[in-house]
Amino acid sequence: MAEIRVRFPPSPTGYLHIGGARTALYNWLLVKKLGGKLVLRIEDTDVERSTEASAQAILDGLKWMGITWDEGPYLQSDYAEHHRETAEALVQKGAAYRCYCTKEELAAKREAAQAAKKSFQGYDGTCRDLTDEQRAAFESEGRESVVRFRVPRQEGSVGFNDLVFGLTEVSLAELDDFVIVRSNGVPLYVLSNVADDHRDRITLVLRGADHLVNTPKQVMLYQAMGWDVPQFAHMALTLDPKKAKISKRRHGEVVTVQFYRDHGFLPWAFCNFMAMLGWSTGDDRELYETPEDLIRAFSIEGMAKRNSVFNYRKGDPKFITDPKALHINALHLRTMAVADLAPHVKQQLEAASIWDTAWDEGGDRRTWFLELLELIRVRYHLLTDFVTLARAFFDDDYPMDAKATKKSLRKDPALAQYLPQLAERLEGLETYNLETTETTLRALCEELSIKPGLLINASRVAITGQGVGPGIFDVFTALGQDRTCARLRDKAKLVEQPATPSPQS
RNA sequence: GGCCCCAUAGUCUAGCGGUUAGGACGUCGGCCUCUCACGCCGAAAUCCCGGGUUCAAUUCCCGGUGGGGUCACCA
């Protein structure tokens with residue numbers, strides 16, 4: 001059996017959006033599963049809208065996702081000659097013909113048909129059976145012409161067996177003689193796509209269901225050329241919560257792949273989420289630790305026929321994107337090997353200019369770094385949380401959360417004394433660890449007759465700037481004796497200071 | 001509007017004639033606890049409607065409704 005060859009043919013008219021990303025991902029998964037080749041083809045024949053920057057952005061998006069291709073990227077525009085030859089061949093065979101109707105004439109006819117509420121509003125076949133003389137007359141008139149495919153005027157239908165939707169056919173009577181070459185000589189998508197897929201020896205076309213109803217036309221093109229018709233598998237679409245098509249224009253950055261890269265998603269977690277939109281194995285699994293895991297499980301049979309909704313609510317203060325996407329990212333964040341997580345966190349810290357190269361080298365500092373990640377990652381959802389919520393662990397310059405400061409640090413004016421006292425006790429410790437710090441703090445509270453919670457929560461805010469975080473003794477230990485004590489003393493000064501102005505207060 | 005496709009909680013889904021309709025996210029409550037998170041326990045919430053077929057329909061058939069796709073000299 002010949003090897004499977006699939007393709008991903010984005011048109012470079014904008015960033016890679018989640019629909020395209022999912023199509024690319026499914027094609028890639030399939031190829032990895034079945035051991036074939038993925039061809040990348042940039043369909044740039046729409047000169048008006050195509051830009052090189054978009055093409056680059058799409059490539060970047062794919063690379064970030066970890067999607068690799070085996071051939072290309074080919075540029076569709078490089079094969080214009082081949083497309084024209086194909087069209088010419090169709091005309092020679094009599095499978096297509098030149099049509100001299102002007103756009104105005106066609107528009108008028110269409111309007112008339114609409115006004116008359118005719119069910120068939122396609123091309124009426126005016127130029128379908130022109131004699132050589134008539135044609136010559138139009139040519140000498142200088143009329144421009146398009147090339148139309150000659151749909152057989154007979155009973156019956158064209159169809160194909162879609163791997164997802166099953167037998168899909170359309171009655172020939174429903175099809176009009178569609179244009180395959182523009183008057184300026186440039187072939188249309190329906191033709192160039194077929195010509196390219198044939199030239200690239202594509203055996204399976206896996207694409208969005210928006211192409212489903214156009215596929216019979218393409219099948220006719222293959223057949224007219226005497227080419228093997230590839231298999232088709234159409235994937236249901238991804239819509240927004242209002243069931244509208246996803247578009248950058250309507251939804252903004254949140255539907256682009258770069259958004260997820262820039263907002264702290266792990267590339268693979270993003271893929272994992274995308275894969276689950278409209279595909280399942282039948283078991284309850286939704287976390288695929290590695291690409292290999294997913295590849296093993298993937299199959300066309302699991303693809304849903306119904307459209308799925310990308311559950312993003314604009315302006316939601318709690319969820320920057322689909323909550324499930326966030327959840328899957330968090331799941332990966334806390335279950336992947338810490339050593340694999342480390343480079344991603346490093347990237348974030350570097351971007352924030354708070355990376356210390358000592359954390360890179362082997363030894364204690366490296367160990368400290370990895371252990372810290374283990375300690376804090378369980379409560380984060382995004383990689384960016386490591387530079388915001390976790391900032392105090394990596395940098396001595398950290399912001400003080402206004403609410404937490406008010407709630408815990410200024411809870412009791414006496415904390416202005418308690419915190420330095422605690423610092424003094426901790427400083428005196430010869431062995432500074434989880435147990436000794438806890439014993440020390442609790443003993444102090446006992447002596448002062450205060451609840452440990454008071455000192456614990458105040459300490460947390462003092463040394464991390466936040467009211468939430470890991471257990472306090474873990475934080476003491478992670479931060480180390482010197483930094484902990486210095487911060488306790490330093491922030492004790494804030495206890496009785498007037499509240500810093502904040503939007504909240 | 002014509003043609004085509006689809007239809008299980010708010011969302012992603014399992015189900016393929018007989019189930020207390022399963023799981024996940026989200027929501028709410030509880031446990032744990034120095035906070036938050038994790039984890040654990042629990043709750044609310046679903047078979048679009050109407051006809052058939054059948055001893056029995058979420059499941060099969062038909063119709064309706066709803067949603068989507070597509071009807072270009074865009075891709």
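As the structure is a computational prediction, the values presented were derived from the model and not from experiment. Excluded from the calculations below are hydrogen atoms, water molecules and symmetry mates; all remaining heavy atoms, backbone and side chain alike, are included. The chains referred to below are lettered A, B, ... by the order of the sequence lines, with proteins before strands, and numbering in each begins at 1.
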ask   = Does S308(A) have a side-chain nitrogen or oxygen under 4.0 Å from the phosphate oxygens OP1 or OP2 of C12(B)?
value = no
ask   = Rounding to the closest angstrom, what is the interatomic distance between A14(B) and C48(B) at atom P?
value = 14 Å
key: Who pairs with G39(B) - Watson-Crick or G-U, where each distance is under 3.5 Å   = C31(B)
ask   = Rounded to the nearest Å, what distance is computed from the OH atom of residue Y312(A) to the P atom of nucleotide C12(B)?
value = 17 Å
inquiry  = Using the side-chain heavy atoms of S280(A), tell me which of these nucleotides is nearest: G22(B), A14(B), G68(B).
reply    = A14(B)
task = Remember a base hit wins even if backbone is also touched, and classify F319(A) as base, sugar-phosphate or nothing at under 4.0 Å, heavy atoms.
result = sugar-phosphate
query = Does a sphere of radius 6.0 Å around CD in Q231(A) hold more than 12 heavy atoms from other residues, nucleotides or ligands, not counting ones at 6.0 Å or beyond?
reply = no
query = So what does P323(A) touch, heavy atoms closer than 4.0 Å: a base, only the sugar-phosphate, or nothing?
reply = sugar-phosphate
query = Over how many whole Å does the gap from R313(A) atom CZ to C12(B) atom P extend?
reply = 13 Å
query = Is any side-chain nitrogen or oxygen of K242(A) closer than 4.0 Å to OP1 or OP2 of G10(B)?
reply = no
inquiry  = Side chain of K245(A) only, heavy atoms from C-beta on: which candidate in G69(B), A14(B), U11(B) is closest?
reply    = G69(B)
request  = Please determine, for the side chain of L237(A), which listed nucleotide (G68(B), U13(B), G10(B)) has the closest atom?
outcome  = G68(B)
message = What's the gap between C49(B) and U65(B) when it is taken at their P atoms, as a whole Å value?
response = 16 Å
key: Flag if over 12 foreign heavy atoms under 6.0 Å of OH, Y15(A)   = no
ask   = If you take all heavy atoms of L383(A) and F265(A), which pair is closest and at what distance?
value = CD1-O, 3.9 Å
ask   = Does one side chain, of T45(A) or H83(A), offer a donor that lies under 3.5 Å from an acceptor on the other?
value = no
U19(B): pairing nucleotide in any strand, Watson-Crick or G-U under 3.5 angstrom = none
Check the interface with nucleotides 39-47 of chain B: list each N/O to N/O pair with the protein under 3.5 Å, or write none.
| unit_1 | atom_1 | unit_2 | atom_2 | d |
| --- | --- | --- | --- | --- |
| G39(B) | OP1 | R334(A) | NH2 | 3.4 |

inquiry  = Which residue in the set Y189(A), F160(A), F165(A) passes ring pair (Phe, Tyr, Trp, His ring centres under 6.0 Å) when paired with H211(A)?
reply    = Y189(A)
note = Paired to G63(B) by Watson-Crick or G-U wobble criteria (both distances under 3.5 Å) is C49(B)
request  = Please figure out whether K318(A) or K407(A) has its closest RNA chain B nucleotide nearer the 5' end.
outcome  = K318(A)
message = The test is side-chain contact (heavy atoms from CB on, under 4.5 Å); show your working for W279(A) and L294(A) and say whether it passes.
response = CA-CA 11 Å; W279(A) 172 84; L294(A) 224 202; 3.7 Å; yes
message = Counting the atoms with a prime plus P, OP1 and OP2 as sugar-phosphate, which does G282(A) contact under 4.0 Å by heavy atoms, base, sugar-phosphate, or nothing?
response = sugar-phosphate
Spacing between K451(A) atom NZ and U33(B) atom C1', to the nearest angstrom = 14 Å
message = What verdict does the side-chain contact (heavy atoms from CB on, under 4.5 Å) test give for L239(A) and F310(A), after you've listed the backbone C-alpha separation in whole Å, the side-chain angles of each residue and the deciding distance to 0.1 Å?
response = CA-CA 6 Å; L239(A) 308 174; F310(A) 173 65; over 6 Å; no
key: Interatomic distance at C1', G18(B) relative to C4(B), whole Å   = 35 Å
key: C6(B) versus G10(B) - spacing of their P atoms, nearest Å   = 23 Å
Complement of U70(B), any strand, by Watson-Crick or G-U distances under 3.5 angstrom = G2(B)
RNA chain B: 5'-proximal contact among G471(A) and A244(A) (nearest heavy atom) = G471(A)
ask   = What integer distance in Å separates L239(A):CG from A7(B):C1'?
value = 13 Å
ask   = How about K109(A): does its NZ atom have over 12 heavy atoms from other parts shown lying under 6.0 Å from it?
value = yes
key: Pairwise P distance, G64(B) and U27(B) [rounded to whole Å]   = 41 Å
query = Separation of F165(A) atom CZ from G68(B) atom C1', in whole Å?
reply = 10 Å
ask   = More than 12 heavy atoms of other residues, nucleotides or ligands under 6.0 Å from NZ of K451(A): is that the case?
value = no
ask   = Does CD in E155(A) sit with more than 12 non-hydrogen atoms of other residues, nucleotides or ligands closer than 6.0 Å?
value = no
task = Figure out the CE/C1' separation between M276(A) and G23(B), and round it to whole Å.
result = 11 Å
Dump every N/O contact between nucleotides 62-65 of chain B and the protein below 3.5 Å, one line per pair.
none

query = Taking the six-membered ring where the residue is Trp, are the ring centres of Y123(A) and F178(A) under 6.0 Å apart?
reply = no
request  = Under 4.0 Å between any heavy atoms, over every strand shown, what does G278(A) touch: base, sugar-phosphate, or nothing? Just pick one.
outcome  = sugar-phosphate
inquiry  = Closest approach to the side chain of R442(A), judged atom by atom: which nucleotide of G68(B), C3(B), C34(B) is it?
reply    = C34(B)
request  = May I have the step-by-step check of side-chain contact (heavy atoms from CB on, under 4.5 Å) for L419(A) and L455(A), ending in yes or no?
outcome  = CA-CA 7 Å; L419(A) 290 172; L455(A) 195 50; 3.9 Å; yes
ask   = Within this structure, what is the CZ-to-P distance between F473(A) and U35(B), rounded to whole angstrom?
value = 12 Å
request  = Tell me, please, whether F319(A) has R313(A) positioned over its six-membered ring: NZ or CZ under 6.0 Å from the ring centre and within 45 degrees of its axis?
outcome  = no
inquiry  = So, applying side chain to side chain donor-acceptor pair (under 3.5 Å) with Y100(A), which one of R135(A), E139(A), E105(A) is it?
reply    = E139(A)
Close N/O contacts between protein and nucleotides 73-75 of chain B (under 3.5 Å):
| unit_1 | atom_1 | unit_2 | atom_2 | d |
| --- | --- | --- | --- | --- |
| C73(B) | O2 | S183(A) | N | 2.9 |
| C73(B) | O2 | S183(A) | OG | 2.9 |
| C73(B) | N3 | S183(A) | OG | 3.0 |
| C74(B) | OP2 | R182(A) | NE | 2.4 |
| C74(B) | OP2 | R182(A) | NH2 | 3.0 |
| C74(B) | O3' | R182(A) | NH2 | 3.0 |
| C74(B) | O2' | D46(A) | OD2 | 2.5 |
| C74(B) | O2 | R49(A) | NH2 | 3.1 |
| A75(B) | OP1 | R182(A) | NH2 | 2.6 |
| A75(B) | OP2 | Y189(A) | N | 3.0 |
| A75(B) | O3' | E43(A) | OE1 | 3.3 |
| A75(B) | O2' | S11(A) | OG | 3.0 |

task = Quick one: label I472(A) by what it contacts on the DNA or RNA (base, sugar-phosphate, nothing), any heavy atom closer than 4.0 Å.
result = base
ask   = Distance check: side-chain N/O of K305(A) vs OP1/OP2 of C6(B), anything under 4.0 Å?
value = yes
query = So, T436(A) versus N433(A): side-chain donor-acceptor pair below 3.5 Å or not?
reply = yes
remark   = As its Watson-Crick or G-U partner within any shown strand, both distances under 3.5 Å, A44(B) has none
ask   = Looking only at atom C1', what distance separates U46(B) and A7(B), rounded to whole Å?
value = 13 Å
ask   = Which whole-number value in Å describes the distance from D474(A) CG to U35(B) P?
value = 14 Å
